[in-house]
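All of these numbers come straight from a predicted model, not from anything done at the bench. Reckoned from all heavy atoms, side chains included, excluding hydrogens, waters and symmetry mates. Below, chains carry the letters A, B, ... as their sequence lines are ordered, and counting in each starts from 1.
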Amino acid sequence: MYSEKVMDHFNNPRNVGEIEQPSGVGTVGNAKCGDIMRIYLDIDENGVIQDAKFKTFGCGAAVATSSMATELVKGKTVQEALQVTNKAVMEALDGLPPVKVHCSLLAEEAIHAALWDYAEKNHIQIEGLEKPVADIEEKEGAEETTEGY
Amino acid sequence: MSRLIYLDNAATTQVEPEVLDAMIPYFTEYYGNPSAIYTFAGKAKGAIEEARKILAEGIGARPEEIFFTGGGSESDNWAIKATAEAYAAKGHHIITSKIEHHAVLHTAEYLEKNGCEVTYLDVDENGLVSPEAVKAAIRPDTILISIMMANNEIGTIEPVREIGAVAKENGILFHTDAVQAFGHLPINVEEMHIDMLSASAHKLNGPKGVGFLYIRRGLKLRSFLHGGAQERQRRAGTHNVAGIVGMGKAAEIAFREMEKRSAYVTELRNHLIERVLAEVPYTRLNGDRWNRLPGNASFCFRFIEGESLLILLDQNGICASSGSACTSGALDPSHVLLAIGLPHEIAHGSLRISLSGKTTKEEIDFTVDRIKEIVERLRNMSPLYEDFVKKNA
Ligand SMILES: Cc1ncc(COP(=O)(O)O)c(C=O)c1O
């Protein structure tokens, strides 16, 4: 069902992890639907993405698209990173099954969310970047459901 | 990966060599149409009747109450749709539960679009349907109660006998989807007050695409498939002779071995459950700890998603299943896991392991070891786990 590239990025995901004091971090998706992506960006003073890391809760395609998205934005300027669309992520992965296309949209959205966070922290505006919609709030009540699991 | 560890026996099973041996002559030698007049076809006809007898005896029914079908889904469809049709003069209300197989649920939903009213009963946190709730749902126009004997996802065994008694007291027909139970649990349609029962061969080491519907004598259910006069004019279509023979053989073995096999599989399942719950943190067992199908173990691992887990198990040669949305292409996780009250994010992290009489302890131990590694790996990748750890630091 998945391409070799997807399987490779699922099996050996690039850039898993966190960045301490990131320039920007964005979390999109929600656990209800079964996909959450968090992308951390380290952006230097010239606006170049020096490092990108991710954490993802989700299916094989969700992990692979996060991995590919972080690969694609690394070394790019903020403006260039905006061009990393879901289509670009899918193409780089040699395609996704139709039911998994939303994973690539989520990856694009996660990058946008991280860039948005970066822009807010630095009180700047990034041309062409709209406020991401799928940003999720701090999950509440996480402890309450711990019992018995 | 050279070795295959097959732990998805609730999805389907391997045809036993003895079963296959019994089937082959009905492809090669006795291929005659059992409805034909000539002596040559007699052997095929005799074999069908032999199988019918074995199946009937196995559930305390009479041979003429067994009608062969193309499997569990057809049996469920037939029982429910034909009852709705036959009893339309009495009423249009059907009682079922929220955790039925889609063969029942989607049939009920279809009937709702055609004028029926359906009550989908809630279940408790272990997936049990309460006989009192069934009783309370009965209306003057209720024509059918359909509650499964055992659940395919979480393994819970329903109080069918008590529900059957409620149905009988109230003069309402009782159908049970016994696809997961038949050949695995003792069944007696008299003691359990069952009017209709669905079974499928491929869940008990028989072939796929063959099953039966038990219909209590005297019930006026009409034909579902129209055409020839097979099955005493109630189910048209040339008999799947080899399949029926296979089902008979598989059932014969299952009944003969039930006690021994059940004890063996239950012990292995308990070992699996104990190890997983003890060694994988933030894990829950779905369904009742004891009152469950011998071969079923269903877990939810918090902070991870089921499809990822399945792919990584597959890479270790392990076949299992999950009720996560991603595995079905749907948006919501399994209706059964939601019905027992699990939040979506936890239901997404489900894993069903279903054992057979051939599963070994070594295979189970290997599987648990892999589960531990894989769950840890996926958690280290999970933002939900990250948040949880930070919150509890
Ligand atoms: C409880 C239950 N009912 C019905 C079915 C459908 O049976 P079949 O695959 O023979 O159509 C299954 C099997 O998937 C099942 O587990």
Side-chain angles (χ1 to χ4, degrees), chain A residues 1-2 6-7 9-19 25-40 53-64 66-67 96-103 106 110 113 136-149, chain B residues 125 277 280-286 289 299-316 322-334 337-338 341-350 374 377-392:
Chain A
M1 121 179 200
Y2 289 133
V6 172
M7 287 309 289
H9 275 262
F10 174 69
N11 282 322
N12 310 292
R14 330 295 199 258
N15 314 312
V16 177
E18 296 163 52
I19 293 176
V25 54
T27 305
V28 297
N30 68 63
K32 202 168 175 246
C33 302
D35 297 295
I36 298 183
M37 288 184 196
R38 177 172 297 160
I39 288 185
Y40 296 87
K53 296 251 187 249
F54 81 90
K55 288 244 171 133
T56 287
F57 163 87
C59 60
V63 172
S66 325
S67 165
L96 284 176
V99 293
K100 302 292 187 182
V101 171
H102 73 276
C103 293
L106 214 54
I136 57 155
E137 290 101 82
E138 258 300 301
K139 283 219 53 88
E140 286 188 3
E143 290 95 337
E144 284 147 45
T145 47
T146 316
E147 245 70 47
Y149 294 106
Chain B
E125 71 276 11
L277 293 183
V280 188
Y282 313 118
T283 298
R284 59 162 280 147
L285 177 73
N286 303 314
R289 176 67 184 84
F299 302 102
C300 279
F301 302 102
R302 281 193 74 192
F303 317 116
I304 68 161
E305 193 280 326
E307 189 204 86
S308 293
L309 175 58
L310 289 189
I311 298 174
L312 292 169
L313 284 170
D314 182 38
Q315 285 171 4
N316 286 282
S322 168
S324 101
C326 284
T327 57
S328 66
L331 273 181
D332 280 330
S334 135
L337 298 176
L338 297 180
L342 298 185
H344 277 66
E345 64 261 41
I346 288 168
H348 280 299
S350 75
I374 293 167
R377 171 176 165 182
L378 290 173
R379 280 182 180 159
N380 285 331
M381 219 191 275
S382 167
L384 292 176
Y385 189 58
E386 180 186 310
D387 292 346
F388 176 79
V389 170
K390 281 184 181 155
K391 235 175 199 164
N392 293 276

Derivation and outcome, side-chain contact (heavy atoms from CB on, under 4.5 Å), residues B/N380 and A/V16: CA-CA 9 Å; B/N380 285 331; A/V16 177; over 6 Å; no
Chain B contact via A/F10 - which portion, at a heavy-atom distance below 4.5 Å: both
Between CG on residue A/N11 and CG on residue B/L312, distance to nearest 0.5 Å: 6.5 Å
Which atoms of A/P13 approach chain B - backbone, side chain, both or neither, heavy atom under 4.5 Å: side chain
Portion of B/R379 that has a non-hydrogen atom of chain A nearer than 4.5 angstrom: neither
Reported CD1-to-CD distance for the pair A/I36 and B/E386, which is rounded to 0.5 angstrom: 11.0 Å
Separation between NE2 of B/H348 and CG of A/D35, rounded to the nearest 0.5 Å: 7.5 Å
For the student: nearest non-hydrogen atoms of B/S308 and A/G60, plus distance: OG-N, 3.6 Å
Separation of A/T56 OG1 from B/M381 CE (nearest 0.5 Å): 8.5 Å
Contact origin within B/Y385 toward chain A - heavy atom pairs under 4.5 Å: neither
Backbone of A/F57 reached by a side-chain donor or acceptor of B/E305 within 3.5 Å: no
Candidate pair B/D387 and A/R38, rule side-chain contact (heavy atoms from CB on, under 4.5 Å), full reasoning: CA-CA 11 Å; B/D387 292 346; A/R38 177 172 297 160; 2.8 Å; yes
